[in-house]
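Working notes, beginning with the structure itself.
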Amino acid sequence: MAKLEAANASPGAAATEKWSVRRLFSEWRELGIIAALIMTVLVFTAIDPEFLSSYNLVNIVLQASVTAILAMAVTFVIITGGIDLSIGTALALSAVVSGLLMSQGYPLPVVVLGTLATGALAGLFNGTIITLSGITPFVVTLGSMSIFSGLALIVSGGQTVYGIPPEFSDLLAGKIGPIPTPIVIAFVVLVVSSVVMRMTKLGEYLIALGGAREVARLAGIKVGFYTAIAYVISSSLAAVGAMVTVGRLGAADPALGADLLLPAIAAAVMGGADLNGGEGSMLGAVIGALLIATLQAGLTFLNVQAFYQQVAIGVVIILALLSNRLQKA
Amino acid sequence: MAKLEAANASPGAAATEKWSVRRLFSEWRELGIIAALIMTVLVFTAIDPEFLSSYNLVNIVLQASVTAILAMAVTFVIITGGIDLSIGTALALSAVVSGLLMSQGYPLPVVVLGTLATGALAGLFNGTIITLSGITPFVVTLGSMSIFSGLALIVSGGQTVYGIPPEFSDLLAGKIGPIPTPIVIAFVVLVVSSVVMRMTKLGEYLIALGGAREVARLAGIKVGFYTAIAYVISSSLAAVGAMVTVGRLGAADPALGADLLLPAIAAAVMGGADLNGGEGSMLGAVIGALLIATLQAGLTFLNVQAFYQQVAIGVVIILALLSNRLQKA
Amino acid sequence: MSASTAKPLLSLKGISKSFPGVKALQNVHLDLYPGEIHALMGENGAGKSTLLKVMFGAYSADEGAFELSGEPVSIRGPVDALHKGISMVHQELSLVPQLSAIQNIVLGWEKSVAGFIDWSAARREALAALARLDFQGNPHVPVSRLSVGQQQTVELARAIAANAKIIILDEPTASLSTKESEKLFSILRELRADGHALVYVSHRLAEVFDLADRATVLRDGQYVGTLLRGPDLNETSLVKMMVGRSLEDFAIQHEATLGAVALKVDGLARNGVFQNVSFEVRRGEIVGMAGMVGAGRTEVARCIAGADRIDAGSVSVNGKALSLSSPSDAVRAGIAFLTEDRKHQGLALRMSLAKNATLTRVPTRMGFINRTKQAADAKSALASVGARMPTTRLAGQLSGGNQQKVVLAKWLLSGCDIFIFDEPTRGIDVGAKAEIYALMRDLADKGAAILMISSDLPEVLRMSDRVLVMREGTLSGEVARAEATEERIIAFASGGNTWQS
Amino acid sequence: DYTYNSDKPEAKQIVGAELSKTLGAAPKKEGVKIGVVLKSLTNQYWQGIARGVEAAAKDLGVEVTIQAANSEADPTQQLTIAQTMIGRNFDAYVLSPVSVSNLTPAVRELQSRNVPIANADDARIAATVYIGPNHELNGVVAADYMAEHLPDGGEVAQIEGQAGSSAAILRIKGFKEGIAKHANLKLVASVPGNWDGTQAYNATQTILRKNPDIKAIYANNDTMAVGVAKAVTDMGLTGKIIVIGTDGIPAALDGIKNGTITATVTPLPYYQGYWSVESLVRLLGGQQVPDWIVAPAQLITKDNMTEFFDDKYEVKEGLYNK
Ligand SMILES: Nc1ncnc2c1ncn2[C@@H]1O[C@H](COP(=O)(O)OP(=O)(O)OP(=O)(O)O)[C@@H](O)[C@H]1O
Ligand SMILES: Nc1ncnc2c1ncn2[C@@H]1O[C@H](COP(=O)(O)OP(=O)(O)OP(=O)(O)O)[C@@H](O)[C@H]1O
Ligand SMILES: [Mg+2]
Ligand SMILES: [Mg+2]
């Protein structure tokens, strides 16, 4: 049954069928990765039942939240057939800015706007160069990755920004009801992103220009404009991730984030994003992030050495993609 | 004149004209990057003539040598329309192995074969998975990047491998006549790679399957086999880079190489490699590596701080690609 | 509805358009009247598509003026064109593979509220248009899952749904067979009756006589003339205007001298696409394979060529059964496969003609490529197919006809002697067609065995010594040259009667 | 001629504070140029060294040029920088290599040119003089502090630095041995944090779930200690768990001040920088300087913080009244 559906899954396509919540998030493309996630959890639990203790699960989701946000960010870009190697350092840059704003006691609205603006500008930089010059996104963002990281260090003078007023931490890293705020934020991003992709022109056009750029152009879609938008969204989401991180650590380290890039891309692709463009799933990206977090948590939980953790994570990334393949076929 | 030629440059086109040394290395596609390099040197020299000291120049070429080897390695893969994110850690892995072999006093042939074998195996791992599973190279090598680095740490127990007998260092990091060995090795790699790409079936097929995979397949070319070959070559060249590095440093550090990945890719692309496959220049890759080394050295020489260096390098990467674009148009 | 009395809906005056190195259009005129089907004719590269794209605003003209029902206008882009009531079906399939038929039909002009697409409206409009073309496929799955024919229908639906007064069709029948074409024509006639103005490009002359009220001919980007429907709209005059000379039509009164069986296909099957296909091809004969789009002909060919996995049955060459695990096995056995999709499966567009031509047989000396021989081989092979251009040109720079010749040259050099042509003249002009027919016939006479898949019935009848017909993945009939008529073939193709030879 | 034996086991030691006492005042050497290549400047620890370098340069009237790699993960770039600096022909060099081997070619070059090298902190190389802490000692001091404040013992944990980095290797070793000395302390988890705050935060939460009885956590550096502290706070365990870091960066000192971090072990980077330049000047002035100038590993707590740091968390100058 599911198998059958999976066979004719597609990013937007189903949108035209009668509406349903399931369809908003998923078209079964995520089955492979979900399976991988469940498997992983089972394995760890089998080794140490403690692992499944309710808290630990919440804990893992919490740890996944920022990676998940970045994974969704890069998914927006991957759907257009591009890639954004700069989200990691864009996060660092926004984090430093937001840290400075917070520590200098600006009110929340200013902090939020300032941080988002920083991210948006970073994205605008990428988007503009890519659309105007026609250089491959891979290389443009490779360059801007280095630029943003440099800027982050310059802005912060290479110092970790500390002295974040506790109210920010409480707000950004506290709890809403029983649920930790970062999880709530990640969830909101998931819903909004899914809605954008499934129910708006923007989402439709991103898929179109990722799937067939020239066709989109002939259909009168402003491909340049929408490509740029994708990068602005991606960096702005990185800025959201930045605020969450700063809130959680109570400090803004200019070296933050760089190491989140590859996990985020891995999560997005494991979640079904097609690096050739035209396909990608926000839910999948989130689950991909969860898978990686589960691995790290589980391996740490079992006190596995750093060396072996790296090998394990690499192997799982490849296995997860294999299971995607098999499920597609 | 050159401009004119550049206009109708193309991977295949020139090669069928009468043969010439120039044509072996270049089809003018490299003009943009060469210009960029010369400009950079001129700027630095203008600011401080000292920069042109022979020590400095030798030093820059020396520094560029390993990056250049990796850039050529990844060019082989990019030409097939793939990417290899694992060359950096493949270098680390081969370095550790070669370090252990050397320090345990094995004779040179054993060391060389052992190291190359390690690299070749790493490449075979990538190549096999990519061709059999059909997963995007980007992700497969993203996974193996993590795997190889883990293995390097495991094999070395996370410790730098010492006790490299001086004869190895002298051999690999000494001089041949007046010229430092690493430079000679890089040059040999350049000549061999160019010959392979321009004068052998292998090269012709790599270009064909990068430019038009299905066409190549239907023409009876074993695309799977040749794709795998490309990854084997790439990792094996990483192993060559590993031996040079170990020789120079007189020790094998499992953390080596990871930081060479992005510069190597940047160099390859600045040198004219087309991430969509079908195009790439070994000479261009080498010049790209030289450009990056020149920048780092020059900025240091002018006492520009690390933070600003990052920004500068990012900017130059983008500018170099712009100049490529303009030159093509 | 005599076109001449009404006043033009759209008229193009003195349109010129150049691309780097090419003057694609020079001072071209075109008047388009309501309720007419206006055929635009010309050889490959004559400038037809360019002119249409200018009309549609996809390209902007360098010089020239537009008048829309008398009013001078400028068309600022595809959207603007749509708003002005001009829509277009492009020469290349232009759909987004990942989107559904519905999404593709409304793409670019979706009704939306605050950026949210009104899907119910989209469904309504799209499904109406599809229904009108009685579209059979699933409108909700990605169009990449539809057959070529179905995809073509979706494109037309897109053009209709925008309910434009002017509909531009650039070679809509190129990938359709007679049956689907007929369906398309009846729709076009309806549209004409409703007073739409249609511009229609095709390389199939028969269609033009069947359909067009007027035909305008371009040559080398220049306006040659316009013929009104009637006595002087006939093959000889039209061809003369297009090619600039008259072609001796070769109705080949030719008796193939049959040799041994070269290719034998026995009970071949590929799950879900075709079953139990058996036939043989002898040396010296050209076996035509007709059928509707989606009948499975290409898939049969792909399996014989080792491109797809075979689920059952066998392929043998010269009596020896092959084990086909990849195309290289087929090539080694001497099977050459000239695909229907030249741009993506026939030629490496960014490589030189020399490299393309020698791809299957790179001449080497001591392990190194012998460039001199490579160039020489390519030159002679290209000459033998009547293509005389420098071997250093890039394949992507050639017109459709010449590209096909290069593909042929490649397979001549490969030393293969069993040729499978899939839609050998799709999108190729009359002049080039004639040359390619001659080449195929010449190959056969030299003892090659040829299987020719074609959706162009006149072509099948003209070329084949024997005609196989496929329907829904089975071999529904075989007709000898003598009794081969359009009617019989269509009967087999569409299931009128069934008869196994 | 200068010797390059500072990395030999038998290296002769002297406590930094003793320099002036034993060798007398540093000779004034006008116009001396010293090149300084640090790991990176992305961490207050390294900037502390830089400040010390500049202070000494001012006091002793020499000229210094400071360069550093982008990050502690850029060994190759640091080599390029070092090689280039050699091209500028300084009279002496301060080197803080990213790894024990990444600067080897530069070191060889300097040795062949017979230029004095001061090897500051961390990875030890064959230099003329080594100025730095005993990294193992950092771990040991942390362990001892835990033993002292956990009289009836208990479970302890460690968040490790970047696998393979020499500082991490030594601190891990020191802490493990330190804990081993105390029978009633049990190291129940020693997990990777890669010098990264977020990873340390996540790791801490995970191990505290697994071992709720953990009484103390040692992080190999302060960046990670900040993450550990945040995790502990978020779990409402502030004050219930001893959190010790290493380096003494402002963020950590801030934590110590407001009680989220218990202590940090620091060799006071400022003085490492200062002594590096001072000892080079002495060498150039013809004085004999011991191979290893030991930077004492100071344990900073809420109580003694003001002795060492001013209110901007900068190391106070002239602590070891030179
Ligand atoms: N985008 C382009 N860039 C450069 N040259 C082009 C471009 N499009 C068309 N041309 C050239 O303009 C000329 C006319 O091309 P066009 O596609 O209009 O011919 P056509 O009549 O449609 O041919 P066909 O019957 O094969 O479709 C040809 O020489 C072609 O090579
Ligand atoms: N581009 C395509 N995408 C998906 N399915 C296709 C495509 N083209 C054909 N098919 C399917 O494959 C089967 C055989 O198609 P095929 O192209 O072989 O038909 P054909 O007889 O070769 O027609 P033609 O060659 O004229 O297109 C049909 O079921 C068709 O729906
Ligand atoms: Mg055309
Ligand atoms: Mg077909």
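Each chain gets a letter, A, B and so on, in the order its sequence line appears, and its residues count up from 1. Note that this is a predicted model, so its numbers are computed, not measured.
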Closest-packed option against chain B by number of heavy-atom pairs under 4.5 Å, given [options]:
| options | result |
| --- | --- |
| A:Ile313, A:Val316, A:Leu322, A:Ile83 | A:Leu322 |
| A:Ile317, A:Ile129, A:Leu85, A:Leu321 | A:Leu321 |
| A:Gly314, A:Gly134, A:Ser133 | A:Gly314 |

Interface moiety of B:Ile147 toward chain A, non-hydrogen atoms closer than 4.5 Å:
both
Please flag which part of B:Ile135 lies under 4.5 Å from any non-hydrogen atom of chain A: side chain, backbone, both or neither.
both
Considering only distance and modelled atom types, tabulate donor-acceptor pairs under 3.5 Å from the side chains of residues 74-81 of chain B, sequence neighbours left out.
| residue | atom | partner | partner atom | Å |
| --- | --- | --- | --- | --- |
| B:Thr75 | OG1 | B:Ala71 | O | 2.7 |
| B:Thr80 | OG1 | B:Val77 | O | 2.6 |

Go through the atoms of [X] and report whether side chain, backbone, both or neither lie under 4.5 Å from a heavy atom of chain B.
| X | value |
| --- | --- |
| A:Leu275 | side chain |
| A:Met270 | neither |
| A:Val315 | both |
| A:Ser149 | both |
| A:Leu153 | both |

Is any side-chain heavy atom of A:Val269 closer than 4.5 Å to one of B:Phe138?
no
Which value, rounded to the nearest 0.5 Å, describes the distance between B:Leu261 atom CG and A:Leu142 atom CG?
8.5 Å
Any residue meeting ring pair (Phe, Tyr, Trp, His ring centres under 6.0 Å) with A:Phe44, in chain and number order, not counting sequence neighbours
A:Phe51
Below 4.5 Å, heavy-atom pairs only: which of B:Ile318, B:Thr136, B:Leu151 has the largest tally toward chain A?
B:Ile318
Let's test your reading of the structure: which of B:Ala152, B:Gly150, B:Ser144 forms the most heavy-atom pairs below 4.5 Å with chain A?
B:Gly150
